[in-house]
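Excluded from the calculations below are hydrogen atoms, water molecules and symmetry mates; all remaining heavy atoms, backbone and side chain alike, are included. Residue numbers start from 1 in every chain, and the chains themselves are labelled A, B, ... in the order their sequence lines are given, proteins ahead of strands.
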Number of protein chains: 2
Amino acid sequence: MKAVTITDIAKALNLSTSTVSRALKSSYKISEETQQKVKEYAAKYNYRPNLLAQGLKSMGSRSIGVILCAIPNSFFAEVLNGIEFIAASNNYHIIITQSHESYEKELNNLEQLLWKSVDGLLVSLSCETCDVEHFRNAQSEGTPVVFFDRVTNLIDTHTVVADNAKGTYEGTVHLIKSGCKRIAHITSAPNVSISKERLAGYIQALKEFHLPVREEYIKYCNHGGMISDEVEKAVNELLVLDETPDAILTASDRITIECFAMLKKRNIKIPGDIALTGFSNFSAPQLFNPALTTLKQPAFEMGKVATGLLLQLIENKRLPKDFEKRVLPIELHIRESTVRSQM
Amino acid sequence: MKAVTITDIAKALNLSTSTVSRALKSSYKISEETQQKVKEYAAKYNYRPNLLAQGLKSMGSRSIGVILCAIPNSFFAEVLNGIEFIAASNNYHIIITQSHESYEKELNNLEQLLWKSVDGLLVSLSCETCDVEHFRNAQSEGTPVVFFDRVTNLIDTHTVVADNAKGTYEGTVHLIKSGCKRIAHITSAPNVSISKERLAGYIQALKEFHLPVREEYIKYCNHGGMISDEVEKAVNELLVLDETPDAILTASDRITIECFAMLKKRNIKIPGDIALTGFSNFSAPQLFNPALTTLKQPAFEMGKVATGLLLQLIENKRLPKDFEKRVLPIELHIRESTVRSQM
DNA sequence: TTTATTTGTGCAAACGTGTGCACACATTAC
DNA sequence: GTAATGTGTGCACACGTTTGCACAAATAAA
C-alpha cells in the first residue's frame, strides 16, 4: 500500500534508478524501448515523484507564499480565489498567512515562509509597514516577490494594482454631479500606496470642479477599518464640523461598512443628509438600505495576474531588466446611496 | 548568504553532524558542554532546520490540506481564519483547495494534497459528493481526516458541525411566533449532512406547533446556491403555488442572498408579503433592506476546533478508539426581515 | 586491426537530517 | 588484572530524487 518509488521501479525492471529517472522525463539518451517499459510500469502502479525529495534536490517546493492582512475580507478572499486558480493549474500550492495589519506579524510571516522555502511571494503590505527592507532581502537572496494592491516603489519588481486614482476620481465626480459640494474622504493609513493614490484621485476631481480641498474633510484610519473605533472617531470628527460634509467617499471595504453602519446608527439619512460611496467588493451591496454605490475592484483578476507574473519570475530564474506595473480598471456601480432626488 | 546547515555547524565546531543533530534536540547523551556550544553557534548564525530534508526523513510536511467549496464565501473565509490561526501557532501551514461543489474536483484536490504529503486533512464535502471512499482510503493509508460543516457518518473520525437542527428549529419557531403559518424551506443538495439536519429542525418545529409539513414548500438547490438559476427556480415554484408561503427559511449563505435579491426584484415586501430568514455569516446583515434576521454559525470557532482535533490525530499517530462529534451552537439574530408588525 | 564515435546504461555522490550501531574512553566491580 | 557498566561521540546509511562521470557495447572511420 506504500507509494511506489523510483527505486521500486528500478528493481522491478532490473534497471538502475538513474535510468528510470531519466526515462521518466524522456531526457538524455534512453532507448525508446526502455522509456516505454518504464513509463508503462509507472503508469500502471500510479507512480508519483516524491515532492519532498525533489524539493530537497532542487531547493524548491512548488509553493507560493501569500501575505495579506485578512482572509475574511471580501476583496482579499476574491484575490485568493484568483491566486489559487492560477497556482493550482500550474501545479503550485499556496501558503496563506495573515498580517492582520501588523508590521511585526508581516515580518514573522515572511520569516516562516522563507523557512518553508517557498519559491516566490505574493504580498499586499500591512497598514503599519513603512520599511520594506525584509522583502528586498528576500528578493536579493533569490525569492522573487510580486506586490499587489498595497505596493511599494522602494523595491524593483512586478506590481499589480487597481486604478485607484481613477476610481476615486470617478467616484468623486459622480458625487459632485449628484449635487454634493462638501465631500469628505475617509481612507486607510497615509503610508500605504492605495491611500495615496485614492487621495490623489479625490483631490484631482475636486480641483477640476473648483471645489476647495479641505484638510478637515480628509480622515485616516491607521488600521484600514479593522478597528471600528478608528472609523467611529473619523465619522464623529466629520459630524461635529461647522460645515458638515454632504457626502463621504470611503477607501476600503471595512471602512465603507463601518461608516455605513455608523451613519445609520445616528439616524442620518443616506443619501438625503449625507451621500455615501466607497470601495467595496461585497457580494450584495444592492441589498443594502439604501443600495450602496460602490467602487468595485477586479479582485479575482488581480489575483490571477499577480500569480501569473510571479510564476514568470520563478521559472525564468534571472530577474528581468524592466518590471511591469499592471493597472486594472475599477468599476463604479451607481446605486441609491448617492442619488439625491430631493436636491 | 546561503542558509547555514547542520553540516556547516559540524565543520565549524569540529564535530560530526550526528552530534550536532542530537545536541540541537537535546536528545540522547550529549555532554552539557557540547550542547551549549552547538546551541550557541546555531543561535548566532540563525540556524533553521531544512524542512524539506526533515520531511523527507519523517515523511511528513508539517502541512494540513484543506478541501472546501469556495474561499470567497463569508462562512468558509471565517473558518479558514480559524484554521490558519491554530495551524500557524502550531507551526503547520495550510494548503487550501476549492472543490466548487464538484465531486470530480474534490477527488482531484485530494489526490494533489496526498501527493504533497500533507500530514492531515480538513474537509467539508462538496454538494455533489455521495461516495466518500476516497477519504476512507486516505485515512486507512495513514492520513487522518477531520470533517467539518458538511460531514459524513460513513467514515469513523472526528467531526465538527454547527447545531444545525436546533438552528432551523429556532428559526422556524421564531417565524411561527411572528405569525407565519406557511413557511417554506430552501436548502442545499439533499445528500449533504447539513441539509438533512436543517430540514429535520424545520420539520420538528412545524410538527410541534401542529402546522402541516408540505412537500411543495421544501426546495433543494443542488449546488448550494452557487448557481443562481437553481435558487430562482426554487423561488419561482414557491410563488406560483395556490397557497404561496408567507415565510422562507433558507439554508446557506448563497441561497439566502440570492433569495433575498429575487424577492426584492419581484417587489415582494419583506417581511410584509414574505418574511425571510436564513443561514448567513455576512459581516453586515443589519445594513440590508430590511435588516436580515440570520442564523449565524460560529465559523471561526469551527475552524479552530477542527484544526485542534486534527492536530491531535496527527501527533498521536494511532487512531483513537472513539471519535468525537463536536456540536457548536448557532446564534439566531432577530432583525426586521421577520418582524411582522402589520399582522 | 586499431582508433574514434555514438548510444545506452550504471555508479556514486549529492541535497540536509535523523538514527542504529559501534567504538573509545572512563569508571566501577570483582 | 579482567570484566562489566556507563558516557560521549562518530561512522555509515537511509529518505527519494537528480546528475556528472565512467564505462560497455555497438557502430563507423581509418
(request) Describe the nucleic acid contact of A:N14 in one word from base, sugar-phosphate, nothing, applying a heavy-atom distance below 4.0 Å. (result)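 Sugar-phosphate contact only.
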
Rounded to whole angstrom units, what separation is found between the [atom1] atom of [X] and the [atom2] atom of [N]?
| X | N | atom1 | atom2 | value |
| --- | --- | --- | --- | --- |
| A:E32 | C:dT7 | CD | P | 13 Å |
| B:I6 | D:dG10 | CD1 | C1' | 14 Å |
| B:L13 | D:dG10 | CG | C1' | 15 Å |

(request) On the 0 to 90° scale, with breaks at 30° and 60°, tag the B:F76-B:F148 ring pair as parallel, tilted or perpendicular. (result) perpendicular

(request) Please work out which residues in residues 37-53 of chain B have a non-hydrogen atom less than 4.0 Å from an atom of DNA chain D and list them by number. (result) none

(message) Using a strict heavy-atom distance below 4.0 Å, which residues from residues 54-63 of chain B are in contact with DNA chain D?
(response) B:L56, B:K57, B:M59

(request) To the nearest 10°, let me know how far the axis at one end of the helix from C:dT1-D:dA30 to C:dC30-D:dG1 is tilted from the axis at the other, five pairs an end. (result) 70°

Would one find a side-chain N or O of [X] under 4.0 angstrom from OP1 or OP2 of [N]?
| X | N | value |
| --- | --- | --- |
| A:T34 | C:dT9 | yes |
| A:S16 | C:dG10 | yes |
| B:T19 | D:dG8 | no |
| B:S31 | D:dT9 | yes |
| B:S18 | D:dC11 | no |

(message) Can you list everything that forms a ring pair (Phe, Tyr, Trp, His ring centres under 6.0 Å) with A:H158? Sequence neighbours excluded, please.
(response)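 Per chain and number, A:H158 pairs via ring pair (Phe, Tyr, Trp, His ring centres under 6.0 Å) with A:F323.
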
For the [atom1] atom of [X] and the [atom2] atom of [Y], what is their distance to the nearest 0.5 Å?
| X | Y | atom1 | atom2 | value |
| --- | --- | --- | --- | --- |
| B:L52 | B:K57 | CG | NZ | 15.0 Å |
| B:L51 | B:H93 | CG | NE2 | 8.5 Å |
| B:K304 | B:N81 | NZ | CG | 9.5 Å |

(message) Checking side-chain polar atoms at under 3.5 Å, does B:E111 have a donor or acceptor matched by the opposite partner on B:H134?
(response) no

(message) For a 4.5 angstrom cut-off between non-hydrogen side-chain atoms, does A:P144 reach A:L310?
(response)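 SC-SC contact between A:P144 and A:L310 confirmed.
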
(message) Distance criterion of 3.5 Å, no angle test: do you see the side chain of B:R22 paired donor-to-acceptor with the base of D:dG8?
(response)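 Looking at the base of D:dG8, it does not pair with any donor or acceptor on the side chain of B:R22 (distance under 3.5 Å).
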
(request) Report yes if a donor N or O on one partner sits less than 3.5 Å from an acceptor N or O on the other, where the partners are the side chain of A:T5 and the base of D:dC15; otherwise report no. (result)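 Looking at the base of D:dC15, it does not pair with any donor or acceptor on the side chain of A:T5 (distance under 3.5 Å).
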
(message) According to ring-ring contact (aromatic ring centres under 6.0 Å, His included), does anything in residues 39-61 of chain B pair up with another residue at least two apart or in another chain? List the pairs.
(response) B:Y41-B:Y45

Name every donor-acceptor pair, under 3.5 Å, that has one atom in a side chain of residues 113-122 of chain A and the other anywhere in the protein, sequence neighbours excluded.
unit_1: A:W115; atom_1: NE1; unit_2: B:P49; atom_2: O; d: 2.7
unit_1: A:D119; atom_1: OD1; unit_2: A:S61; atom_2: N; d: 3.0
unit_1: A:D119; atom_1: OD2; unit_2: A:S61; atom_2: N; d: 3.4
unit_1: A:D119; atom_1: OD2; unit_2: A:R62; atom_2: N; d: 2.6
unit_1: A:D119; atom_1: OD2; unit_2: A:S63; atom_2: N; d: 3.4

(message) Tell me if a side-chain donor or acceptor on A:T159 pairs with a main-chain N or O of A:R326 at a distance below 3.5 Å.
(response) no

(message) Using only atom types and a distance under 3.5 Å, with no angle test, would you say the side chain of B:Q139 pairs donor to acceptor with the backbone of B:D156?
(response)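 Here the side-chain-to-backbone pair exists.
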
